Amino acid sequence: MSIESVKKHILERMAAAGRKAFGQAPEGLAVVFPPDLQLGHFAVGCFPLAKPLRKSPAEIARTLAAGIAADDVIQAVTAAGPYINFTVHPKILFEDTLAEIISAGASYGDSRAGESRRVMVEYLSPNTNKPLHLGHLRNAALGISVARLLAATGHRVVKSILINDRGVHICKSMLAWQRFGNGATPQSAGMKGDHFVGTWYVRYAIESEKDAALEARVQEMLKNWEAGDPATLGLWKRMNQWVYDGFAATYRRFGMDFDVFYYESDTYKLGKDVIAEGLRKNVFATDERGNTVYHLPEAQFGLEKSGAPKKVTVLRPDGTSLYISQDIGTAILKVTQHGLDSSVYVVGSEQEHHFKCLFSMLGALGYAWAANCYHLSYGMVYLPEGKMKSREGKVVDADDLIAGMEELAEVEIRKRDPERRLSEEEIKRRAAVIGTGAIKYYLLRVRPAQSINFDPAESISFDGFTGPYCQYAYARIYGILEKAGQRGLTDADADFARLGNLEELLLLKLLIQFPEEVASAVAEYNPSRVAAHIFNTAKAFNQFYNKHAVIQAESPAGAAARLALIKATAAVLKRGLGLLGVDVLENM
RNA sequence: GCGCCUGUAGCUCAGCUGGAUAGAGCAACGGACUUCUAAUCCGUAGGCCGGGGGUUCGAAUCCCUCCAGGCGCGCCA
């Protein structure tokens, strides 16, 4: 019997009791889990009946509870204040639910809620003048997870990246390399390409302090680039390729992947046609200074102090474009190229206003899909000393952080392998799964809107509310299943009537709730829902593990039932972590 | 000045579409490995849920207001 059927059965019995006691069937009741499973397996609050029956919820609960007798589903009924608590026969509770989870396996919790709608998730948007930093990793972790969550709920997902590969900041590293590089390459310097280029960006900052004339040289270089000067373009391509080679390694290491790469050098001229058309249709206007502007609707944006509408410039008087003009063009390009129903932009909260303006304009231009666009805004990552802003020089380098975490994981792995049975390759593989998993989990366990105070000591911990903790629970289950297999034990012939202790009930409850949490996470674009739920599930398993034997259960039929329970738990842990972009290990 | 976000245990955070005694992790202290991996578990201690009003049978949750911090507010990205 499925949980839904059990709930339905409870409501039917409530209805029957209500008709008998009050002459009417109760309406609007919901079956929920009690806060403490010792109270019962399911509960119904009688609040909605108080008004129509003009009695207190507690009195109604007492009357109804007295009118419901035990049957082959319900074992016991008790009134507790305004609630009626139901205890259900364990066999009914566990049997079909565990069978369903085990048979669904990797797809448990999935749904078709997205109705195959096509959605693009854009994330990362790096600059090609320096390596990725911790802030990018938060962005990536969110993008990876949200893409997976959307796919799991029946959306067709296209992952994209917008690379800021042009502009003055790019020219700065180019100029510094040209002047001071003496033909050095990442190979000759023995550096990853993005780090190598980053050193020249830093070098520019140092040199320009001493020589104010460099600024003019950079502007000149930018002009040459825009004019298509072959030498400048050659240098630009060469240095960007170094960066891309470096980025590719980081993408791979962190599990980022993209179906579509957009380059600002391709997209920065987009939008002008649409803006011109919008001007004809009076979506845009020309202001007194010659700017093409968009008047922000008062209803959403309010007015200036003067009472004039707020506005945003979409084109300069000389016709050159701005960030938002390109974004208009790129948004439309995305939709036309990929037949999108919606777009998700994973971008920091400092750009909230920008995206509100962008979506408003797209709507005003007549694109119905604008209403489905979503800015997945996330808070800053702060360092103990201050903000994660590369301009201020204080950053945590992404590659360094990943390497550091993997090294720590490696130390722990070696500690657990005193007899040196593991190959170096296997140690590295495990270290990578644990290290990157720890980072992703650390970045995803809080709500996107919440800023993160990056505490180096806490972030490297593998204890408590962490990825490795969850991975460890999975590995433990795998160990038991493996040993059970060796002894010829399976979850067949399970007697589910033997389950039902508090630890087993809590575990089952969490397994049942997993699909709801996935649905909430998608609805809120909030992977932390899944992170928290998976942690709770791992913890519930560890509590169960410490108190009850599986293979050495009281009876073979009981062992089989517990095997089914932990098998289902493993499926949920793996799926949940997978939705966070975190892999699992069979052995840790 | 205006808008958005944040304020919950010593620290970091859940809970925010209103419901049973406000939860977790870390840190502190005390325990548990001859038995499926101790990267684990158990226990103790720790809260005017920023302040004040209001709505409600019921508020950390909704409304108003004040305080504190962050981000942003056309011709940067």
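Just so you know, these numbers come straight off a predicted model, no measurement behind them. Computed over heavy atoms, backbone and side chain alike; hydrogens, waters and symmetry mates excluded. First the proteins, then the strands, lettered A, B, ... as listed; each starts at 1.
Applying the salt bridge (Lys or Arg N to Asp or Glu O under 4.0 Å) rule to pairs touching residues 456-465 of chain A yields A:Arg445-A:Glu458, sequence neighbours excluded. Sorted by first then second residue, the salt bridge (Lys or Arg N to Asp or Glu O under 4.0 Å) pairs that include residues 296-310 of chain A, not counting sequence neighbours, number zero. The stretch residues 477-489 of chain A participates, sequence neighbours left out, in no side-chain hydrogen bond (donor to acceptor under 3.5 Å, both in side chains) pair at all.
Applying the salt bridge (Lys or Arg N to Asp or Glu O under 4.0 Å) criterion to A:Glu426, with sequence neighbours excluded, gives A:Arg429, A:Arg430. Remark: A:Asp287 engages A:Arg289, A:Asn291, A:Val293, A:Lys311 in a side chain to side chain contact (heavy atoms under 4.5 Å, CB included) (not counting sequence neighbours). Scanning for salt bridge (Lys or Arg N to Asp or Glu O under 4.0 Å) contacts around A:Arg529 gives A:Glu517, A:Glu524, with sequence neighbours left out. Scored by the ring-ring contact (aromatic ring centres under 6.0 Å, His included) test, A:Phe541 finds A:Tyr545 as partners (sequence neighbours excluded). Scanning for side-chain hydrogen bond (donor to acceptor under 3.5 Å, both in side chains) contacts around A:Glu412 gives A:Lys415, A:Arg416, with sequence neighbours left out.
One C1' atom belongs to B:U12, the other to B:A38, and the distance between them is 25 Å to the nearest Å. For the C1' atoms, the distance linking B:A45 with B:C11 amounts to 16 Å, nearest Å. Here the separation of B:G3 from B:C41, taken at their P atoms, is 47 Å to the nearest Å. Between B:A14 and B:A24, the distance separating the two P atoms is 16 Å to the nearest Å. Rounded to the nearest Å, the gap between the P atom of B:G7 and that of B:G15 is 10 Å. Separating the C1' atom of B:G69 from that of B:A28 is a span of 29 Å, rounded to the nearest Å. B:G74 and B:G70: their C1' atoms are spaced 23 Å apart (whole Å). Across B:A9 and B:U34, the matching P atoms stand 40 Å from one another, rounded to whole Å.
Residue A:Gln471 contributes atom CD, which lies 18 Å from atom P of B:U37 at whole-angstrom precision. One atom, CE of A:Met361, and another, C1' of B:C75, lie 12 Å apart when rounded to the nearest Å. Atom CG of A:Asp36 and atom C1' of B:A20 are 10 Å apart (whole Å). Between A:Gln326 atom CD and B:A77 atom P there is a gap of 7 Å when expressed in whole angstrom units. Remark: P of B:C71 and NZ of A:Lys356 are 16 Å apart, rounded to the nearest angstrom. Look at CG on A:Asp417: it is 13 Å from P on B:A39, rounded to the nearest Å. Atom NE2 in A:His533 sits about 15 Å away from atom C1' in B:G15, given to the nearest Å.
Side chain of A:Glu350, nearest nucleotide from B:C36, B:A39, B:G72: B:G72. Minimum atom distance to the side chain of A:Lys311 is reached by B:G74, of the listed B:G74, B:C5, B:A20. Here B:C36 is the nucleotide among B:G74, B:C36, B:G70 with the atom lying nearest to any side-chain atom of A:Ala549. Closest approach to the A:Glu264 side chain among B:A77, B:U21, B:U37 is made by B:A77 (side chain taken as heavy atoms from C-beta onward). Listed candidates were B:A39, B:C75, B:A20. Nearest to the side chain of A:Pro34 is B:A20. Picking from B:U21, B:A39, B:C76 the nucleotide with the shortest atom distance to the side chain of A:Arg316 gives B:C76.
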Would you be so kind as to tabulate the donor-acceptor pairs closer than 3.5 Å made by side chains of residues 470-477 of chain A, with sequence neighbours excluded?
| residue | atom | partner | partner atom | Å |
| --- | --- | --- | --- | --- |
| A:Gln471 | NE2 | A:Val433 | O | 3.3 |
| A:Gln471 | NE2 | A:Asp583 | O | 2.8 |
| A:Tyr472 | OH | A:Arg476 | NE | 3.4 |
| A:Arg476 | NH1 | A:Asn542 | OD1 | 2.7 |

Annotated protein contacts, base or backbone, on nucleotides 40-47 of chain B with a non-hydrogen cut-off under 4.0 Å, one of B, S, - each:
BSS-----

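Toward the 5′ end of RNA chain B lies the nearest nucleotide of A:Leu585, the other residue of the pair A:Leu585 and A:Glu304 mapping further downstream. In this structure, A:Glu288 and A:Tyr323 both approach RNA chain B, and ranking their closest nucleotides by distance from the 5' end singles out A:Glu288.
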Which dot-bracket string describes RNA chain B (Watson-Crick N1-N3 plus N6-O4 or O6-N4, or G-U N1-O2 and O6-N3, all under 3.5 Å; [ ] crossing; | other strand)?
(((((((..((((.....[...)))).(((((.......))))).....(((((..]....))))))))))))....

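Residues A:Ser377 and A:Glu352 bring a donor and an acceptor atom of their side chains to less than 3.5 Å of each other.
The aromatic rings of A:Tyr442 and A:Phe454 sit perpendicular to each other, their planes meeting at more than 60°, with 30° as the lower class boundary. The aromatic rings of A:Tyr323 and A:His354 lie parallel to each other, with less than 30° between the two planes, well short of the 60° mark.
Here A:Glu410 pairs with A:Lys428 in a salt bridge; the nearest charged N to carboxylate O distance falls below 4.0 Å.
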Table of protein N/O atoms under 3.5 Å from nucleotides 10-14 of chain B N/O atoms:
| residue | atom | partner | partner atom | Å |
| --- | --- | --- | --- | --- |
| B:C13 | OP1 | A:Ser451 | O | 3.2 |
| B:C13 | OP1 | A:Asn453 | ND2 | 3.0 |
| B:A14 | OP1 | A:Arg447 | N | 3.1 |
| B:A14 | OP1 | A:Arg447 | NH1 | 3.0 |
| B:A14 | OP2 | A:Arg447 | NH1 | 2.6 |
| B:A14 | OP2 | A:Gln450 | NE2 | 3.1 |

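B:C4 shows a glycosidic angle more than 90° from 0 and is accordingly assigned anti.
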